[in-house]
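Here's the structure, in structure tokens; my notes come after.
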Amino acid sequence: MAHKQVTEFVPLNIAVLTVSDTRTEETDTSGHLLVDNVTASGHKLADKVIVKDDIYKIREVVSHWIASDHVQVVLVTGGTGFSGRDSTPEALLPIFDKEVDGYGELFRQLSYEQVGTSTIQSRTVAGLANGTIIFVMPGSNNACKTAWEGIIREQLDRRHRPCNFVEQLKKVEG
């Protein structure tokens, strides 16, 4: 049975979270890069927040968005390395209903071409929770660009075949 061809773009409500102990709204270049990509692609920015690299602060913000009726996608930048304060995966893995294993694998494959074996120090993760897809990526602008252009943009476009995440997400009004 052939799939029905989908030609209509559906804008999604996307929230951006920057995890950093040092960045401010003025210095948050990776957060702003993600916001620019979200809006340039035709999606709607639902919210943008910066939090310290703290498991419970990260989990609090993302849990609020997951529970809301408005946010369908969460993009998280930062806190994926191996320093003592990097704790984004530990904050979010427990709240995923399902983990998207292929995201981290594909990100590291794409990143390998740019940073070589250093990519193994990237603990990027993604998961679905309450009809919300959460993509976590490192805090560098280059890593955010790689994740957005190489993976996320297509997976948030319902016209992308053979599959994407749009039909998996909660439905929102307006």
Side-chain angles (χ1 to χ4, degrees), residues 11-96 99-100 103-104 106-108 110-111 114-115 118-156 165 169-170 172:
L12 302 172
N13 294 328
I14 302 177
V16 174
L17 175 64
T18 298
V19 177
S20 174
D21 289 338
T22 58
R23 291 190 185 178
T24 65
E25 194 56 43
E26 292 75 32
T27 63
D28 181 22
T29 57
S30 63
H32 290 292
L33 182 138
L34 290 173
V35 167
D36 291 346
N37 284 326
V38 164
T39 56
S41 294
H43 296 293
K44 301 172 190 169
L45 180 65
D47 202 355
K48 181 185 181 302
V49 173
I50 300 172
V51 297
K52 300 284 185 203
D53 203 334
D54 175 279
I55 288 174
Y56 302 101
K57 299 269 186 217
I58 298 166
R59 195 175 292 159
E60 175 187 27
V61 171
V62 175
S63 293
H64 172 74
W65 286 334
I66 291 169
S68 82
D69 294 329
H70 185 63
V71 175
Q72 299 168 291
V73 179
V74 176
L75 304 177
V76 183
T77 174
T80 63
F82 279 93
S83 77
R85 297 276 302 158
D86 289 326
S87 58
T88 303
E90 289 76 13
L92 299 180
L93 286 170
I95 63 175
F96 290 167
E99 194 170 341
V100 182
Y103 171 72
L106 181 54
F107 176 83
R108 284 181 283 280
L110 295 171
S111 175
Q114 300 166 358
V115 298
S118 295
T119 194
I120 66 170
Q121 294 193 27
S122 170
R123 300 184 307 134
T124 56
V125 295
L128 278 165
N130 192 33
T132 306
I133 183 82
I134 301 106
F135 292 104
V136 177
M137 61 209 86
S140 77
N141 289 359
N142 195 44
C144 290
K145 181 178 177 189
T146 298
W148 179 264
E149 293 180 359
I151 305 168
I152 298 170
R153 180 177 49 204
E154 285 184 348
Q155 286 301 304
L156 298 182
F165 280 106
L169 305 178
K170 67 178 99 167
V172 297

- Item | Flag side-chain contact, heavy atom, 4.5 Å: W148 against L75 | yes
- What are the two closest non-hydrogen atoms of A46 and H70, and how far apart are they? CB-CD2, 3.9 Å
- Does the pair D69/K170 count as a salt bridge with the N-to-O cut at 4.0 Å? no
- Query: Counting N and O atoms only, with roles assigned by atom type, does the side chain of Q72 sit under 3.5 Å from a partner on the main chain of N13, one being a donor and the other an acceptor?
  - Reply: yes
- Task: For F96, check ring pair (Phe, Tyr, Trp, His ring centres under 6.0 Å) against everything at least two apart and list the hits.
- Result: none
- Query: Do the non-hydrogen side-chain atoms of L33 and T29 ever get within less than 4.5 Å of each other?
  - Reply: no
- Results of side-chain hydrogen bond (donor to acceptor under 3.5 Å, both in side chains) for R153 - residues two or more places apart only: none
- Message: To the closest 0.5 Å, what do you measure between CD (E90) and OG1 (T80)?
- Response: 10.5 Å
- Task: Mark yes or no for whether S30, through its side chain, and G139, through its backbone, hold a donor-acceptor pair below 3.5 Å.
- Result: yes
- Apply the test side chain to side chain contact (heavy atoms under 4.5 Å, CB included) to residues T119 and L110: give CA-CA distance (whole Å), side-chain angles for both, the deciding distance (0.1 Å), then the verdict. CA-CA 9 Å; T119 194; L110 295 171; over 6 Å; no
- Query: Any side-chain heavy atom of I152 within less than 4.5 Å of one from M137?
  - Reply: yes
- Is any side-chain heavy atom of W65 closer than 4.5 Å to a side-chain heavy atom of V49? yes
- Strictly by modelled atom types, are T24 and T27 linked by a side-chain donor-acceptor pair under 3.5 Å? yes
- Atom pair OG1/CZ of T124 and F135 - distance to nearest 0.5 Å: 11.0 Å
- Query: Does anything in residues 51-63 pair up under side-chain hydrogen bond (donor to acceptor under 3.5 Å, both in side chains), and if so which pairs, sequence neighbours excluded?
  - Reply: D53-S87
- Look only at the side chain of R108 and the backbone of Y103, and say whether a donor-acceptor pair between them is shorter than 3.5 Å. no
- Query: Does any N or O in the side chain of H43 come within less than 3.5 Å of the main-chain N or O of P11, such that one atom is a donor and the other an acceptor?
  - Reply: no
- Distance from T132 atom OG1 to I14 atom CD1, nearest 0.5 Å? 11.5 Å
- Item | Distance, nearest 0.5 Å, that separates OG1 of T39 from CG of L45 | 7.5 Å
- Query: In Å and rounded to the nearest 0.5 Å, what is the CD1 to CG distance from I134 to L92?
  - Reply: 7.0 Å
- Message: Could you tell me if the side chain of V19 sits less than 4.5 Å from the side chain of V76, heavy atoms only?
- Response: yes
- Task: Check whether any side-chain heavy atom of V100 sits under 4.5 Å from a side-chain heavy atom of I133, and report yes or no.
- Result: yes
- Message: Could you go through D28 and K48, starting from their C-alpha distance and side-chain angles, then the distance that decides it, and tell me whether this counts as salt bridge (charged side-chain N to carboxylate O under 4.0 Å, His left out)?
- Response: CA-CA 11 Å; D28 181 22; K48 181 185 181 302; 2.5 Å; yes
- Query: Is D47 reaching over with its side chain to a backbone N or O of A15, donor-acceptor style, under 3.5 angstrom?
  - Reply: no
- Query: Would you say the side chain of V71 lies within less than 4.5 Å of the side chain of S68, judging by non-hydrogen atoms?
  - Reply: yes
- Taking all non-hydrogen atoms of both residues into account, name the closest pair between R23 and I50 and its distance. O-CG2, 3.8 Å
- Message: side chain to side chain contact (heavy atoms under 4.5 Å, CB included), that's the test. Do N141 and C144 meet it? Break it down for me.
- Response: CA-CA 5 Å; N141 289 359; C144 290; 5.7 Å; no
- Gap between atom CD1 of I58 and atom OG1 of T18 - 0.5 Å precision: 11.0 Å
- Item | Check: S111 side chain, F107 main-chain N or O, donor-acceptor pair, under 3.5 Å | no
